[in-house]
Amino acid sequence: MALALYFVIAYIGLPAAWRLYVRRHPALTDLPGVTSTHDHHPGDPINLALIGREDDVKAVMHAAGWIAAEKLGLKSDLKIAAAAVLDRPYADAPVSNLYLWGRKEDLAFEQPVGNNPRERHHVRFWKAESVDDLGRPLWAGAATFDQRVGFSHTTGQITHHIAADVDAERDHVIETLNTTGRVTVESIDNFHEVREGYNGGGDRWFTDGKLPVATVTQQ
C-alpha cells in the first residue's frame with residue numbers, strides 16, 4: 001500500500017503540481033487581493049487576470065464587446081452630469097481611479113446596459129512589472145457591476161454603487177472573452193483568503209475566492 005502511494009505521489013501528483021507551478025505567471029506569486037482608493041481605503045477586489053501584450057489585451061477586449069473608458073477630466077465630468085440628468089447613455093464614461101501596486105489602473109473597459117447611464121459592466125486592469133518566459137505581462141483585473149448612482153456611504157460624494165456579487169461580473173467578463181475564441185482560461189482556487197468586505201464607497205462585496213486567468217492566444 002505504501003509503495004503504491006509512493007508511485008502515485010512521485011509519478012502523478014508531484015509532476016502535475018510542478019507543471020502547474022511552472023505554468024503560473026510570476027506576477028501571481030504576490031498579487032494583492034484588493035485594490036485601494038487614493039486615500040488608502042480598501043477598494044474593489046481583484047477577481048480576474050489576463051496574460052498578454054497590451055495590444056493583444058486591447059484587441060481581445062474590443063472583440064469581446066468591451067469599450068475603452070475615457071479618462072477622467074472636466075469634459076468627462078460634464079458629460080456624466082448631462083447623461084445622468086437627461087437619462088441618456090454614455091457608453092465610454094470614465095471610471096473612478098483605484099490603485100494597485102501604488103498606481104492607478106492602466107486600462108479600463110465597460111459595457112453599457114441598454115440606455116441606462118446608471119448601470120454598466122466595467123473592469124479595470126493593472127499591468128504587472130514582471131513577465132512570463134514568453135515576455136508577456138499579467139494584467140490584474142477588478143470587475144464590478146455598477147447598479148445605481150447615489151451618495152458614497154463613506155464620503156458623501158456622488159458615485160456609482162456596485163453589486164455585491166463580484167463573481168457574477170467576473171464570470172461575465174470571462175464569458176465574453178470566451179466568445180472570441182482567442183483566450184484559454186484556467187482558474188486558481190482559494191486566491192482570496194478574505195472573501196468579503198466593503199469598498200471605498202461603502203459597498204459590500206463577496207466572492208468564492210477563485211481567480212480565473214485568461215491567456216490571450218496569438219492569431
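Just so you know, these numbers use all the heavy atoms, side chains as well, and skip hydrogens, waters and symmetry mates.
Of all heavy-atom pairs between Pro45 and Val166, the closest is CG-CG2, 4.0 Å. When all heavy atoms of Ala140 and Leu31 are compared, the pair lying nearest together is CB-CD1, 3.7 Å.
With sequence neighbours excluded, no residue forms a salt bridge (charged side-chain N to carboxylate O under 4.0 Å, His left out) with Asp171.
Classification of Asp165 and Arg204 as a salt-bridged pair fails, no side-chain N sitting under 4.0 Å from a carboxylate O. With respect to the salt-bridge test (charged N to carboxylate O, under 4.0 angstrom), the residues Arg103 and Asp106 qualify. Ion pairing between Arg170 and Asp167 holds under the 4.0 Å rule for side-chain N and carboxylate O. Salt bridge Asp44/Arg124: present, at least one basic N to carboxylate O contact under 4.0 Å.
At a threshold of 4.5 Å between side-chain heavy atoms, the hydrophobic network of Ile, Leu, Val, Met, Phe, Trp and Tyr places Trp205 and Leu48 in two separate groups. Hydrophobic clustering (side-chain heavy atoms under 4.5 Å, transitive across Ile, Leu, Val, Met, Phe, Trp, Tyr) keeps Val123 apart from Trp126.
Ring orientation note: the planes of Trp66 and His121 are nearly perpendicular, at an angle over 60° on the 30°/60° scale.
A donor and an acceptor atom, one from each side chain of His122 and Thr144, are located under 3.5 Å apart.
Within 6.0 Å of OH in Tyr99 there are more than 12 heavy atoms belonging to other residues, nucleotides or ligands.
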